[in-house]
Amino acid sequence: MADNRRSAPFYMTATTQFGLEEVLAEELRQLGATIEKVGQRAIEFTGNTQLLYEACLWCRTAMRILKPFASFYAADEKALYREVGRVDWSKYIRQDQTFAITAVVNKSTFDHSLFVAQLTKDAIVDQFRNRTGERPSVDVKNPDIRLHLHMIENEVVLSLDASGESLHKRGYRQQTNVAPLNEALAAGLLLLAGWDGKKTLIDPMCGSGTLLTEAALIAQRIAPGLYHQGKFGFENWADFDAALWESVQLDARQMRLEEPQAYLAGSDLSREFIELARENVAAADLEDFIRLGVRDVKEAKAPAKEAPGIVIMNPPYGERIGDELEMDALYKTIGDTLKSGFQGYDAYIFTGNLEAAKRIGLKASRRTPLYNGPIDCRLLKYELYQGTRKVSKPE
């Protein structure tokens, strides 16, 4: 175990969503990673085996942690098949294991990522069959070994996927409302809002409670990877260090704080959503840290006995035809609620409806571009000064 803690640093890549790159880079720095490059939706960094395990366990905004192990140039199909065949695949996959390949292809002579994945799979399988007469099976849903192929301008990088199931799938969500916020994005919004896990945090349109649950995980110093379903990808690797992994998990469990660190409360007009939120909060074992209630957003106000903190919400965007008037009225109500009920707070509205957001009637001091799935969104910050309705000037 000690050897692996001191194992030589190697290159890794962590993937995330657009707009969360700097947040994830800071998360990795806090774990002790050396950041090599902050790219679009990806961070390249170096660290040892312990850091790899800790990144999977602790990174709140990462989707996947990848470990590159081969790179080459492939001008055409023959070259791709040949170069993949030169890798000694017995180092990475046992023939009794299942595997799957995800391919991402950009600016290359190859048109289709599925074709590239298929050709790579053929080269791997043919190598096993030629050497041993047997071959590992493909399992696209739940493979033992996940491989990632990234091709840009015909330069190929092959990586092992350390994550298994995407890291944003924490495992505490029982079921969700129609348009849930994914967990990594929810954590990213909180970190972009500068929330420190200590201030009061209110979500007056909390839906199934993802923002509040992620806020409680941050406040109580709980590693999100402790909720991960099934094995992490690295647990099936040839060099998996079970003792080191046990130690990393034990350290994470001991970090959890049992005393509530912040006042967290949420409400929603829908009793059904609040019941869903209660189920999710219970599944995450966080009932002691989050207050929930049924309430219309127009009746929401700051808790009287708590110091001002952050009010954050992800209101509906109104994607159906004919929603415009309803959305305008809703966003005006949100603005009225913020002005009258949350003076002294910083407000953050995450929305994909920038026209309706104009009805809030406050000047945003910051607008952070993000995506919720395919929807172009903004995280809008409003500074609600105490005792006055003046608004902040844009930065």
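Side chains included, hydrogens not; waters and symmetry mates left out as well; all remaining heavy atoms used.
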task = Would you mind listing every salt bridge (Lys or Arg N to Asp or Glu O under 4.0 Å) that reaches into residues 152-165, with sequence neighbours excluded?
result = R64-D161, E165-K169
ask   = Tell me, which pairs form a salt bridge (Lys or Arg N to Asp or Glu O under 4.0 Å) where one or both residues lie in residues 254-271, sequence neighbours left out?
value = R256-E258, R256-D285
message = Please give me the minimum heavy-atom distance between A300 and T337, naming the atom from each residue.
response = O-CG2, 3.4 Å
ask   = Side chains of T109 and N154: donor-acceptor distance under 3.5 Å anywhere?
value = yes
request  = May I have all residue pairs that pass salt bridge (Lys or Arg N to Asp or Glu O under 4.0 Å) and include part of residues 87-103, sequence neighbours excluded?
outcome  = D88-R131, R94-D96
request  = Kindly determine whether D239 and K67 satisfy salt bridge (charged side-chain N to carboxylate O under 4.0 Å, His left out), including the steps that lead there.
outcome  = CA-CA 13 Å; D239 63 356; K67 183 182 179 182; 3.7 Å; yes
ask   = Is there a side-chain contact between L147 and S159, using heavy atoms and a 4.5 Å cut-off?
value = no
remark   = Nearest heavy-atom contact between K231 and E235 is CA-OE2, 3.5 Å
message = Tell me every residue that passes ring pair (Phe, Tyr, Trp, His ring centres under 6.0 Å) with F342, counting only those two or more places apart in sequence or in another chain.
response = Y345
remark   = Per ring pair (Phe, Tyr, Trp, His ring centres under 6.0 Å), Y53 is matched among W58, W237, F234 by F234
Minimum side-chain heavy-atom gap I93-F128 below 4.5 Å = yes
query = Should Q95 and T132 count as side-chain neighbours, where that means a heavy-atom distance under 4.5 Å?
reply = yes
ask   = Same cluster or not: are I65 and M63 linked, directly or through other Ile, Leu, Val, Met, Phe, Trp or Tyr residues, by side-chain heavy atoms under 4.5 angstrom apart?
value = no
query = Got a sec, which residues hit ring pair (Phe, Tyr, Trp, His ring centres under 6.0 Å) with F110, two or more places apart in sequence or on another chain?
reply = none
Closest non-hydrogen atom pair between A356 and D328, with its separation = CA-OD1, 3.7 Å
task = Kindly say whether L257 contributes a backbone atom to a donor-acceptor pair with the side chain of Q220 at under 3.5 angstrom?
result = yes
query = Is any side-chain heavy atom of T200 less than 4.5 Å from a side-chain heavy atom of I310?
reply = no
note = Contacts of F69 meeting ring pair (Phe, Tyr, Trp, His ring centres under 6.0 Å) (sequence neighbours excluded), chain-then-number -> W89, Y92
request  = Ignoring hydrogens and angles, tell me if any N or O in the side chain of Q249 forms a donor-acceptor pair with the backbone of L226 under 3.5 Å.
outcome  = no
ask   = Are R146 and F99 side-chain neighbours, meaning at least one heavy-atom pair lies under 4.5 Å?
value = no
message = For residues F232 and L31: do they belong to one hydrophobic cluster (side chain heavy atoms under 4.5 Å, members Ile, Leu, Val, Met, Phe, Trp, Tyr)?
response = yes
inquiry  = For the SG atom of C206 and the CE atom of M313, what is their distance to the nearest 0.5 Å?
reply    = 11.0 Å
key: Quiz item: cation-pi between K363 and Y382, 6.0 Å / 45°   = no
Nearest-0.5 Å distance, OG of residue S267 to CD1 of residue I202 = 8.5 Å
ask   = Charged N to carboxylate O below 4.0 Å: is that the case for R82 and D76?
value = no
remark   = Grouping ILVMFWY residues whenever side-chain heavy atoms fall under 4.5 Å, the cluster of Y371 otherwise contains F18
note = Output for pair (I334 CD1, R359 CZ), nearest 0.5 Å, gives 13.0 Å
request  = Sequence neighbours left out, what passes side-chain hydrogen bond (donor to acceptor under 3.5 Å, both in side chains) with D336? Give chain and number order.
outcome  = K332
ask   = Is there side-chain contact between M205 and L330, with heavy atoms separated by less than 4.5 Å?
value = yes
inquiry  = Could you tell me if the side chain of L217 sits less than 4.5 Å from the side chain of L286, heavy atoms only?
reply    = yes
inquiry  = Count I, L, V, M, F, W, Y as connected when their side-chain heavy atoms are under 4.5 Å apart, and connections chain through other members. Are V138 and L119 then in the same cluster?
reply    = yes
Sidechain-backbone polar pair: E21 side chain, G19 backbone, donor-acceptor under 3.5 Å = yes
note = Rounding to 0.5 Å, atoms CG (L51) and OG (S7) come to a distance of 9.5 Å
Considering only distance and modelled atom types, tabulate donor-acceptor pairs under 3.5 Å from the side chains of residues 184-197, sequence neighbours left out.
{"unit_1": "W195", "atom_1": "NE1", "unit_2": "K199", "atom_2": "O", "d": "3.3"}
{"unit_1": "D196", "atom_1": "OD1", "unit_2": "K198", "atom_2": "N", "d": "2.9"}
{"unit_1": "D196", "atom_1": "OD1", "unit_2": "K199", "atom_2": "N", "d": "3.2"}

query = Any sub-3.5 Å donor-acceptor pair from R86's side-chain atoms to Y81's backbone N or O?
reply = no
query = Are R173 and S208 linked by a side-chain donor-acceptor pair shorter than 3.5 Å?
reply = no
task = Can you tell me which residue pairs pass the salt bridge (Lys or Arg N to Asp or Glu O under 4.0 Å) test with a partner in residues 33-47, sequence neighbours excluded?
result = none
task = Would you give the length of the straight line joining atom OG1 of T333 to atom CD of E299, rounded to the nearest 0.5 angstrom?
result = 11.0 Å
message = Are T102 and L149 packed together at the side-chain level, in the sense that at least one heavy-atom pair is separated by less than 4.5 angstrom?
response = no
inquiry  = H168: which residues meet the ring pair (Phe, Tyr, Trp, His ring centres under 6.0 Å) condition with it, sequence neighbours left out?
reply    = none
ask   = Atom NE2 of H150 and atom OG1 of T15: how far apart are they, to the nearest 0.5 Å?
value = 10.5 Å
query = R378: what forms a salt bridge (charged side-chain N to carboxylate O under 4.0 Å, His left out) with it, not counting sequence neighbours?
reply = D376
task = Could you tell me whether the side chain of T213 and the main chain of G209 form a donor-acceptor pair under 3.5 Å?
result = yes
inquiry  = Between R221 and I218 (side chain of the first, backbone of the second, donor and acceptor by atom type, cut-off under 3.5 Å), is there such a pair?
reply    = no
message = Is there a continuous path of hydrophobic side-chain contacts, each under 4.5 Å between heavy atoms, that joins I101 to I152?
response = no
note = Between T351 and A357 the two heavy atoms that sit nearest each other are CG2-CB, 4.1 Å
message = Checking the side chain of Y348 only, and the main-chain atoms of V311 only, is there a donor and an acceptor separated by less than 3.5 Å?
response = no
task = Kindly give the heavy-atom pair with the smallest separation between A123 and V84, and that separation in Å.
result = CB-CG1, 3.6 Å
message = Tell me if the CG atom of L354 is crowded by more than 12 foreign heavy atoms within 6.0 Å.
response = yes
query = Would you say T16's side chain and T61's backbone share a donor-acceptor pair under 3.5 angstrom?
reply = yes
inquiry  = With a 4.5 Å cut-off on side-chain heavy-atom distances among I, L, V, M, F, W and Y, is there a chain of contacts connecting L66 to F240?
reply    = no
key: Residues T46, M12; criterion side chain to side chain contact (heavy atoms under 4.5 Å, CB included); working and verdict   = CA-CA 6 Å; T46 50; M12 290 174 262; over 6 Å; no
inquiry  = For a quick test of reading the model, state the closest non-hydrogen atom pair linking L24 to A62 and the distance between them.
reply    = CD1-CB, 3.9 Å
Pair Q17-N372, side-chain donor/acceptor within less than 3.5 Å = no
ask   = Any luck finding a side-chain donor-acceptor pair between Y172 and E214 under 3.5 Å?
value = yes
message = Looking at E26, I want to see if its CD is surrounded by more than 12 non-hydrogen atoms of other residues, nucleotides or ligands under 6.0 Å.
response = yes
